[in-house]
Amino acid sequence: MEFSTKNISPGKQRSGCVVVGIYEGRKLSPSAQAIDSASRRHLSEVLRRGDLEGKLGSTLLLQKVRGALAERVLLVGLGREREFREGAYRTAVNAAIKTLRNTGAADATFCLAELAVKGRDIGWKIEQAVTCITEAMYRFDRLKSKAPEAKRALRKVTLHVAERGEVAAAESALERAQAIAEGVQLAKDLGNLPGNYCTPTYLAEQAQELGKRHGIRVEVLEQKDIEKLGMGCFLAVARGSRQPPKFIVLEYQGGKRGAPPVALVGKGITFDTGGISIKPAPEMDEMKFDMCGAASVLGAMKAAALMKLPLNIVGAIPATENMPGGNAIKPGDIVTTMSGQTVEILNTDAEGRLILCDALTYVEKFKPAAVVDIATLTGAMVISLGHIATGMFSNSDPLARELLQAGETAWDRAWHMPLWDEYQDMLKSNFADFPNIGTRAGGSITAACFLSRFTKSYPWAHLDIAGTAWRSGPDKGATGRPVALLAQFLARRAGAAA
Ligand code: BES
Ligand code: MN
Ligand code: ZN
């Protein structure tokens with residue numbers, strides 16, 4: 001999709017379709033008014049006849065509106081003006097693009113960024129419009145034998161900017177948004193690719209490709225290197241698989257040489273069968289998404305590189321399958337982590353924490369300013385927060401606040417979960433330092449507690465994206481979350497550091 005911004009009157013805009021908003025109670029937005037006057041009150045007439053009430057998310061496509069230079073005019077319901085906030089803005093943009101992509105319009109002009117959203121400026125509105133539109137136009141059809149439908153007509157979107165004084169801010173927001181959208185798209189593509197394509201080796205190749213294109217240093221550690229480092233837990237998970245494990249390390253040097261980096265650590269289980277503690281068959285296919293944490297690290301680093309952020313960033317991805325097999329780890333096995341602590345593996349399906357703990361120890365060597373791990377870690381997270389918020393745990397309140405705010409701004413929101421000492425009691429073993437699972441109660445918190453035992457030397461946060469990284473059902477597919485949150489977080493860090 002090609003995007004641009006423009007500051008001219010919507011009535012004078014030549015375009016395949018111009019998109020304008022209507023509030024409930026037939027109240028016209030400023031651009032709708034402009035078209036209304038240009039068309040000698042055609043829109044008012046349509047509304048008077050009751051063809052559109054202005055309900056949030058409703059749409060009405062008008063052809064050949066006399067006096068308007070656009071071929072079509074798309075009216076979008078905005079709901080009540082008083083209740084028009086972030087969510088409503090996004091709903092309106094989404095409704096418009098969903099109608100538009102089924103028309104023959106090759107280009108469209110969106111006049112929605114002029115709508116007042118409390119506390120949000122033009123930059124926010126442009127950024128959200130771009131990410132919503134790219135999201136709606138996304139398809140994953142590379143594994144279909146025939147092109148499933150004719151290429152979509154819509155190629156170009158112009159974002160109308162009402163005030164001349166806002167054009168510069170809109171332009172820079174547009175660039176930022178496109179960088180983020182590319183990162184989100186990469187994360188989705190990797191997430192959607194099934195386990196027989198997206199192996200640890202494939203992830204490593206994709207990281208190397210990304211490195212070449214964007215000047216990011218990439219190192220891939222092989223089985224023997226991982227053994228030398230003493231990553232006993234990571235190797236324990238990899239034992240059951242025929243696919244060789246990879247430990248992928250990326251270094252983006254946008255900041256001053258030697259400045260402490262932000263480290264992103266992503267869970268890269270390219271397929272999670274559960275291992276010997278095997279999962280039930282229904283929906284097991286969705287465990288191809290168990291590398292979405294890894295994908296979000298690559299996506300966020302791509303976005304950071306495209307934005308040329310003046311910040312040093314390290315990415316660390318332990319990648320392996322979790323399979324049963326003659327050589328696989330068994331419940332009760334005890335392994336030694338890179339940190340020296342021993343773990344009794346009571347359930348081989350709690351494998352994410354086992355690969356992450358060694359990666360979290362590994363990144364200590366970078367003396368990071370902050371470490372954020374991203375993982376589809378627990379089914380219990382889906383039960384607690386559903387599919388709206390990512391669960392966030394942290395040993396540092398300032399870091400937690402930064403991430404929550406980044407999520408609010410990106411509208412890729414996270415919720416602060418507790419990590420109190422009392423929860424640590426759930427992890428007790430008679431035979432090793434601690435087990436890899438606790439009781440069923442508070443399963444996401446136990447998992448975070450497990451990780452916290454490897455992150456004592458730096459400010460750290462853990463994002464459990466089990467409920468937000470993909471959608472099930474008819475819209476099954478990776479969401480690209482939380483790339484937008486991470487990109488926003490990194491951008492702010494870079495701003496603070498500049
Ligand atoms: N990858 C899963 C978590 C998961 C499950 C994400 C379902 C999304 C939907 C993880 O490796 C796992 O299997 N976790 C177990 C942990 C349990 C054995 C303590 C879980 O959540 O059931
Ligand atoms: Mn598992
Ligand atoms: Zn898993």
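Both ligands and their constituent atoms are indexed starting at 1 by order of listing. The chain is numbered in sequence order, starting from 1.
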Checklist entry - Is it true that D285 and K476 make a salt bridge, defined as a side-chain N closer than 4.0 Å to a carboxylate O? => result yes
Checklist entry - Any idea which protein heavy atom is nearest atom 16 (C) of ligand 1, and the distance to it? => result R353 NH2, 3.8 Å
Checklist entry - Between atom OG of S296 and atom CZ of R481, what is the distance when rounded to the nearest 0.5 Å? => result 11.5 Å
Item to check | ring-ring contact (aromatic ring centres under 6.0 Å, His included): pairs with one or both residues in residues 282-312, sequence neighbours excluded | outcome: F289-W470
Checklist entry - Should Y197 and Y202 be marked as a ring pair (Phe, Tyr, Trp, His ring centres under 6.0 Å) after you check the CA-CA gap, both sets of side-chain angles, and the distance that decides it? => result CA-CA 7 Å; Y197 286 82; Y202 180 84; 8.0 Å; no
Next on the checklist: Counting only heavy atoms not in D421 (residues, nucleotides, ligands), do more than 12 fall under 6.0 Å from its CG?
Outcome noted: no
Next on the checklist: Among all protein heavy atoms in this structure, tell me which lies nearest to atom 8 (C) of ligand 1, with the distance rounded to 0.1 Å.
Outcome noted: W470 CH2, 3.3 Å
Checklist entry - Does an N or O anywhere in N347 fall below 3.5 Å from an N or O of ligand 1? => result no
Checklist entry - Do S277 and N347 get their side chains close enough for a donor-acceptor pair, meaning under 3.5 Å? => result yes
Next on the checklist: Using heavy atoms and a 4.0 Å limit, tell me yes or no: is M287 in contact with ligand 1?
Outcome noted: yes
Checklist entry - Can T273 and N322 be counted as having a side-chain donor-acceptor contact under 3.5 angstrom? => result no
Next on the checklist: Evaluate G379 for polar contact with ligand 1, using N/O atom pairs at a separation under 3.5 Å.
Outcome noted: yes
Checklist entry - Does D290 pair with K267 as a salt bridge, N-O distance under 4.0 Å? => result yes
Checklist entry - Just distances here: any N/O of D349 and N/O of ligand 1 closer than 3.5 Å? => result yes
Item to check | Step-by-step salt bridge (Lys or Arg N to Asp or Glu O under 4.0 Å) determination, E402 to R492 | outcome: CA-CA 9 Å; E402 264 181 272; R492 288 204 188 188; over 6 Å; no
Checklist entry - Taking NZ, NE, NH1 and NH2 as the nitrogens, is one of them in D189 or R142 under 4.0 Å from a carboxylate oxygen of the other? => result yes
Checklist outcome for this item: Taking 2.8 Å as the strict upper bound, the Mn ion (ligand 2) has protein N, O or S neighbours numbering 4
Checklist entry - Should you measure from each heavy atom of I437, which atoms of ligand 1 turn up under 4.0 Å away? => result 19 (C)
Item to check | Axial cation check for W415 ring with R413, 6.0 Å and 45° limits | outcome: no
Checklist entry - If you measure from NE2 on H462 to CD1 on I445, what distance do you get to the nearest 0.5 Å? => result 10.5 Å
Next on the checklist: Once side chain to side chain contact (heavy atoms under 4.5 Å, CB included) is applied, do any residues pair with N395, and if so which ones, sequence neighbours excluded?
Outcome noted: T455, W460
Checklist outcome for this item: The reported gap from CG in L112 to CZ in R90 (rounded to nearest 0.5 angstrom) is 13.5 Å
Checklist entry - Does R453 count as lying over the ring of F434, i.e. NZ or CZ under 6.0 Å from the six-ring centre, within 45 degrees of the axis? => result yes
Item to check | Top protein contact for atom 6 (C) of ligand 1, by heavy-atom distance | outcome: A466 CB, 3.6 Å
Next on the checklist: Out of all atoms in ligand 1, which are within 4.0 Å of some heavy atom of E351? Include the element for each.
Outcome noted: 11 (O)
Checklist entry - How does K279 reach ligand 1, if at all, at less than 4.0 Å between non-hydrogen atoms: by side chain, backbone, both, or neither? => result side chain
Next on the checklist: So, regarding D272 and ligand 1 (criterion: nitrogen or oxygen to nitrogen or oxygen, under 3.5 Å), is there a contact or not?
Outcome noted: yes
Next on the checklist: Does any N or O of ligand 1 fall below 3.5 Å from an N or O anywhere on D290, backbone included?
Outcome noted: yes
Checklist entry - What atoms of ligand 1 come within less than 4.0 Å of a heavy atom belonging to T376? => result 1 (N), 2 (C), 3 (C)
Item to check | Under-4.0 Å salt bridge between K118 and E86 | outcome: no
Next on the checklist: Taking 2.8 Å as the distance threshold, tell me the number of protein N/O/S atoms next to the Zn ion (ligand 3).
Outcome noted: 4
Checklist outcome for this item: ligand 1 to K267, heavy atom cutoff 4.0 Å, flagged ligand atoms 1 (N), 10 (C), 11 (O)
Checklist entry - How long is the gap from CD1 on I276 to CD1 on I345, to the nearest 0.5 Å? => result 11.5 Å
Item to check | Which segment of L377 sits under 4.0 Å of ligand 1 when only heavy atoms are counted | outcome: backbone
